[in-house]
Undergrad: 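Have a look at this one before I ask anything.
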Amino acid sequence: MEQLWLCVLMLSVGVTVVQGIPGTSTINCATPSDVDLGNVDEGYEGCVELVTGITAGSHVLLVANVFPEHLDFLELVFLPGGNTANVTTRKKLDADVLVETGGQLRYSLVCNDLDKFENRRTLKINDLNDNTPAFTKELYKITISEILPVDTEVLRVQAKDLDISLDNKRLSFSMLPPSLDFQMLESGALIVTRRLNYNSQQLYSFSVKAEDVGGLFDEAMVIINMEDIDNLNPYFKHNLYRASIPENESGPFHRITPEAIWAQDGDTGINEAIVYSITEVSPPKYAERFTMDSISGVVVMISAIDREELDGALITVSIKAAQADDPSKAADSLVIVAIEDVNDNTPVFSQQSVSVSILENSPAGVVVAMASVADADQGGFVGNLSIIPDSAPFSVSADGSVRVKDSAALDRESHTSFLFQVTAIESDPPNRVAMMSVEVIILDQNDNSPNFTQGLYVVRVDGEQKEGMLLVWVKAEDPDEGENGEITYSLDFGNKDGYFSINEKSGEITLKKTIPPMVDMILEFSLFVTARDGGIVSRSSSAQVNIFGPGVSKPQFTQKTYSGTIEEEQNAGVEILKVTFLTLGSEVPPALQVVTEKDKFAISSDGIFTSTITLDYDESPQNYSVSISISDGVNTDNAVVEVQVTDVNDNSPEFGSGPFTISVPEDTAVGDNVTVLPARDKDYGFNGDLRYSLEGGKGKFSIDPKSGIVRVAAPLDRESDPVFSLLVVAQDQGQPARSASVPLKVLVADINDNVPEFSRSEFYEDVKENASVGIVLLTLSAADPDEGPNGTVTYSILTQSPSSTPAAFELDSSTGALRLALPLEFSVAKMYRLMVGAVDGGVPALVGNSTVVIRVVDVNNHPPQFIPDRFHVQVPEHLQSGTGVCSLDVTDKDENFV
């Protein structure tokens, strides 16, 4: 009873883990038996079976039932002489170990001797999900070809779950992260899902997961290396390149966009060497002008081309890049070559000389002639047209129209013709010049009225008069030409009594009939003579002829007021006018004298009125009223002489203190004001009316002829012309004209308008792979014509292909020295292509680019290697001499030293 209580107690303690509590059985030592004890969950510990019915004196043993290892879980508790026994666990029951019996624990009980009948027992152990799946490998690594077909199995992962039941050991496989190129099947097979491409991805790395139904899982790593297959053609980086080179120049292109010509094998893992060539040039006649380096791909113009010989400025060069080992694998690209224009042609006028006729006094703006100028260079003529001399009364506009500038100067009576040059000066160096001669003949217009040589004629008829006698000869002049200058005279007033007649052609006035003499009285006849020209619209003028008849008279002036003019700055003694007077019958010569302004004027006995000093229009009065008198000692008469002093051009224009210096930014817009340099002239009227002109400046500046404002006339470029030395000229309108000039220095201030430019668009350098780190491979140079910080250049490497970490090269930012930063390895990279930049210090900064190609030269620095490095070969005995035993493979990383 004590043993039975122990088994039940043990069962009570284990009731929370068993699915069915093992029962009680009776042992029969006389016959065999089979007992199914039910089932328990794995992990169970405690009593398995209570055995009863043991006969007194019998001995019970626990023995194996086919599987001896099952007894590792059990033990028999039996006291000799007792009638019961207990079968209990030695350790926790584990169904996963009982693989051969499907989780059944089997054992037998026998009485006394082992050869007696067996009482066989079976206990079902319920499997629990207590084992985590485990991959057979932590890392799966494989190399596959990029041309594997879709759905091809790449590899198969394997994992095990030690749980014995099918449900608990069933696994599902997945990959993390998911891939578009591969798929993991439930079976653990990894298959290709789409076409692979070495160039797109050379290595795949991901995790695979094996998970059971209970969420227990394990992970492993998969690494797939792609093997490149030579299945792709080379390719150019761009389908179209644009290059440029100045005309009349040979050698490499100055600039290539978007970057230097470069092609590579489409199979980047193989990267076969590329051979460049030119396949076609259009127009074909220029094919011999170009060559292409087969290794570097640099296109060079062998001989220069004159752009003006081209139908257009572009030449198309078709290029090809082929694999060195298989020329059939090739790529094509196109280089459009622009032949840049160089200012190498002189402008040419359509006519070297032209002669035209215009009417005098033609209004300003009338087109006189067209100065058409052409230039074979690109864009035609770009420059300035001007007229020499500047004093010519004509101007020329940008379209070549020669126009009247100063209508007043077109006076045929002063100038019958004008001869001048139209000059075409190019804006760009070397500023070539062309000239066209223009003759303008001035045609007459009836613009002048006849002008009498005197405004007043005085005649005295003495007592010996007779009919037909010549009294006076009036004369008028007309500077017009032809009929416009032919004069006809007539007496229009004052001849009512018909004493006089006039010859209409000559102007001779004769006595038609005698005049009766008078006592103490002189008959005075005031005749008005008209001179009329023969123009279609006739012009005329009149003069007065005073004729005094015979008689006796007191001395007297013929006029109360006389008028005369005198130019300033004349020497003393200049005749201003002749005063007319009468002294008929006087026996004493009359005395004439100046009453007022005696210090300035004098009058002679015959009436000549003169100056006694030099008169100044600018500093003295311009008008004088001078009283004069005539007397015979008894009788006196008075009159007034009105004297007008006229200005002469005796003062030159004057500028302020000079010379002048100003600074102008080079981006100043055309038309913007630069400065104003006004001058003054003490003279008046035309003599003080100033016109400004500009000398020098290469056409970059202009000046307003009236205000003197200096403006920008063409774009400025400090790098071409940093300083301009101009001469500002001010000229008055007097005859002759007087002028003055003042130097004007214009300093062009720099702006950051130039991109740093490398001395070459591409640099090439061969470097041995064993070159020392730190060695200077070459020194780059870039020029920036700007000044100060705008022209200070800093160098840097923008990109390196193929890339490396750290970079294989370093570039001194200030000197441009390119140094080797890492050891080179020919077997790793045969060529490096660097994109280098030069940035200036302007704000904003400007950057220029160039390409540096480093070709790595192989040296013999690797020993040969056997593959593999150890060989195991079995050979039969008695092998004949000379028989091949095995094949040895040897490689050398040095390409040219195998």
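Basis for what follows: all heavy atoms, side chains included, without hydrogens, waters or symmetry-related copies. Predicted, not measured: the structure shown is a model, and the values here were computed from it.
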Undergrad: When you look at L577 and V641, which way does the side chain to side chain contact (heavy atoms under 4.5 Å, CB included) test go after all the steps?
TA: CA-CA 9 Å; L577 77 158; V641 178; 3.7 Å; yes
Undergrad: Are the side chain of N687 and the backbone N or O of D683 linked by a donor-acceptor pair below 3.5 Å?
TA: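 Checked: no pair found.
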Undergrad: Could you check whether S386 and T423, counting side-chain N and O atoms only, form a donor-acceptor pair closer than 3.5 Å?
TA: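 Distance-only check fails for T423 and S386.
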Undergrad: Using every non-hydrogen atom in the two residues, find where R718 and E666 come nearest and quote the distance to one decimal.
TA: N-OE1, 2.9 Å
Undergrad: Can you establish whether the number of heavy atoms outside E483 located under 6.0 Å from its atom CD is more than 12?
TA: no
Undergrad: Under a 3.5 Å distance rule, please check whether Y489 uses its side chain to pair with a backbone N or O of A476 as donor and acceptor.
TA: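 Flag set: sc Y489 to bb A476 pair under 3.5 Å.
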Undergrad: Restricting to non-hydrogen atoms, name the atom on F557 and the atom on S629 that form the minimum distance, rounded to 0.1 Å.
TA: CZ-C, 3.6 Å
Undergrad: Does atom NZ of K475 have more than 12 heavy-atom neighbours from other groups under 6.0 Å away?
TA: no
Undergrad: For the atom pair CE (M370) and CD (Q351), what is the distance rounded to the nearest 0.5 Å?
TA: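 One finds 11.0 Å between CE of M370 and CD of Q351.
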Undergrad: Could you tell me if the side chain of R539 sits less than 4.5 Å from the side chain of R532, heavy atoms only?
TA: no
Undergrad: Determine whether a donor-acceptor pair (N or O, by modelled atom type, separation under 3.5 Å) exists between the side chain of D637 and the backbone of I630.
TA: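 No.
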Undergrad: Going through the checks in order, is the side chain to side chain contact (heavy atoms under 4.5 Å, CB included) test met by L747 and I662?
TA: CA-CA 6 Å; L747 307 178; I662 61 169; over 6 Å; no
Undergrad: For L359, does its backbone N or O pair with a side-chain atom of S362 as donor and acceptor, under 3.5 Å?
TA: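 At least one qualifying donor-acceptor pair exists.
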Undergrad: What I want to check is whether the side chains of S437 and S353 have a donor and an acceptor closer together than 3.5 Å.
TA: no
Undergrad: Under 4.5 Å between any side-chain heavy atoms of H415 and D411, yes or no?
TA: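 No; the side chains remain at least 4.5 Å from each other.
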Undergrad: Side chains of V742 and F660: does their closest heavy-atom pair fall under 4.5 Å?
TA: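 A side-chain contact under 4.5 Å exists here.
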Undergrad: On a heavy-atom basis, which atom in F418 and which in A409 lie closest, and how many Å separate them?
TA: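 Heavy atoms of F418 and A409 come nearest at CZ-O, 3.6 Å.
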Undergrad: Under 3.5 Å, is there a donor on one side chain and an acceptor on the other for D444 and N484?
TA: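 Distance-only check passes for D444 and N484.
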Undergrad: Cut-off 3.5 Å, side chains only: do S355 and E439 have a donor facing an acceptor?
TA: yes
Undergrad: Are any non-hydrogen side-chain atoms of L727 and L694 less than 4.5 angstrom apart?
TA: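 No - every pair of side-chain heavy atoms lies 4.5 Å or more apart.
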Undergrad: I'd like to know whether NZ of K600 has more than 12 heavy-atom contacts from other residues, nucleotides or ligands below 6.0 angstrom.
TA: yes
Undergrad: Determine, step by step, whether R412 and L443 satisfy the side chain to side chain contact (heavy atoms under 4.5 Å, CB included) criterion, reporting the C-alpha distance in whole Å, the side-chain angles of both residues, the deciding distance to 0.1 Å, and the verdict.
TA: CA-CA 7 Å; R412 190 204 63 80; L443 300 179; over 6 Å; no
Undergrad: Without swapping roles, check the side chain of D721 against the backbone of V723 for a donor-acceptor pair under 3.5 Å.
TA: no
Undergrad: Rounded at 0.5 Å granularity, tell me how far CD in E575 sits from CZ in F609.
TA: 11.0 Å
Undergrad: Counting C-beta onward and ignoring hydrogens, is there a side-chain heavy-atom pair between F701 and L726 closer than 4.5 Å?
TA: yes
Undergrad: Do the non-hydrogen side-chain atoms of I502 and V529 ever get within less than 4.5 Å of each other?
TA: yes
Undergrad: To the nearest 0.5 Å, tell me how far E360 CD sits from T416 OG1.
TA: 11.0 Å
Undergrad: Which atom pair, heavy atoms only, marks the closest approach of I387 to A392?
TA: CG2-CB, 4.1 Å
Undergrad: Side-chain contact test, heavy atoms from C-beta onward, threshold under 4.5 Å: evaluate it for V382 versus D375 and give yes or no.
TA: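 Answer no - side chains too far apart.
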Undergrad: Between N623 and E642, is any side-chain donor less than 3.5 angstrom from a side-chain acceptor?
TA: no
Undergrad: With rounding to the nearest 0.5 angstrom, report the NZ to CD distance, K698 to E426.
TA: 13.0 Å
Undergrad: Donor-acceptor pair, N446 side chain versus V537 backbone, under 3.5 Å?
TA: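 A pair under 3.5 Å: yes.
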Undergrad: Please walk me through it: do T646 and E568 pass side chain to side chain contact (heavy atoms under 4.5 Å, CB included)?
TA: CA-CA 6 Å; T646 60; E568 67 169 333; over 6 Å; no
Undergrad: For the side chain of Q622 and the backbone of Y617, is there at least one donor-acceptor N/O pair under 3.5 Å apart?
TA: yes
Undergrad: Go through the side-chain N and O atoms of T558 and Y562 and say whether any donor and acceptor fall under 3.5 Å apart.
TA: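 T558 vs Y562: donor-acceptor pair found between side chains.
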Undergrad: How long is the span from the CG atom in N384 to the CG atom in N431, to the nearest 0.5 Å?
TA: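 These two atoms lie 10.0 Å from each other.
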Undergrad: Would you call V474 and F452 a side-chain contact if the rule is heavy atoms closer than 4.5 Å?
TA: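 Yes - at least one pair of side-chain heavy atoms lies under 4.5 Å apart.
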Undergrad: Going by distance alone, is a donor N or O of one side chain under 3.5 Å from an acceptor N or O of the other, for D480 and N448?
TA: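 Note: D480 and N448 side chains meet the donor-acceptor criterion.
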Undergrad: Report yes or no: does T530 contribute a side-chain atom to a donor-acceptor pair with the main-chain N or O of S490 at less than 3.5 Å?
TA: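 No; zero donor-acceptor contacts below 3.5 Å.
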Undergrad: What's the separation between atom CZ in F581 and atom CD1 in I628, rounded to the nearest 0.5 Å?
TA: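 If I round to the nearest 0.5 Å, the distance is 10.0 Å.
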Undergrad: Can you tell which of V643, T610, T612 makes a side-chain contact (heavy atoms from CB on, under 4.5 Å) with F601?
TA: V643
Undergrad: So which heavy atom on A424 is nearest to which on F349, and how close?
TA: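 Shortest heavy-atom separation between A424 and F349 comes out as CB-CZ, 3.7 Å.
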Undergrad: Whether the R738 and N649 side chains hold a donor-acceptor pair (N or O, under 3.5 Å, no angle test) is what I'd like checked.
TA: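 Absent: no donor and acceptor within the cut-off.
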Undergrad: Give a yes/no verdict on a cation-pi contact between K513 and Y499, requiring under 6.0 Å between NZ or CZ and the six-membered ring centre and an angle within 45° of the axis.
TA: yes
Undergrad: Side chains of N361 and D447 only: does a donor on one sit below 3.5 Å from an acceptor on the other?
TA: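 Yes - a donor-acceptor pair under 3.5 Å links their side chains.
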Undergrad: Might you confirm whether atom CG of N571 has over 12 heavy atoms from other residues, nucleotides or ligands at distances under 6.0 Å?
TA: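 12 or below, so no.
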Undergrad: Please walk me through it: do T453 and Y457 pass side chain to side chain donor-acceptor pair (under 3.5 Å)?
TA: CA-CA 10 Å; T453 56; Y457 296 85; 3.2 Å; yes
Undergrad: Test your reading of the model: is there a side-chain donor-acceptor pair from S526 to the backbone of N546, 3.5 Å cut-off?
TA: no
Undergrad: At their closest point, which heavy atom of P450 faces which heavy atom of I487, and how far apart are they?
TA: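 Where P450 meets I487 most closely, the heavy atoms are CB-CD1, 4.0 Å.
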Undergrad: Okay, side chain of S652, backbone of A740: is any donor-acceptor separation there less than 3.5 Å?
TA: no
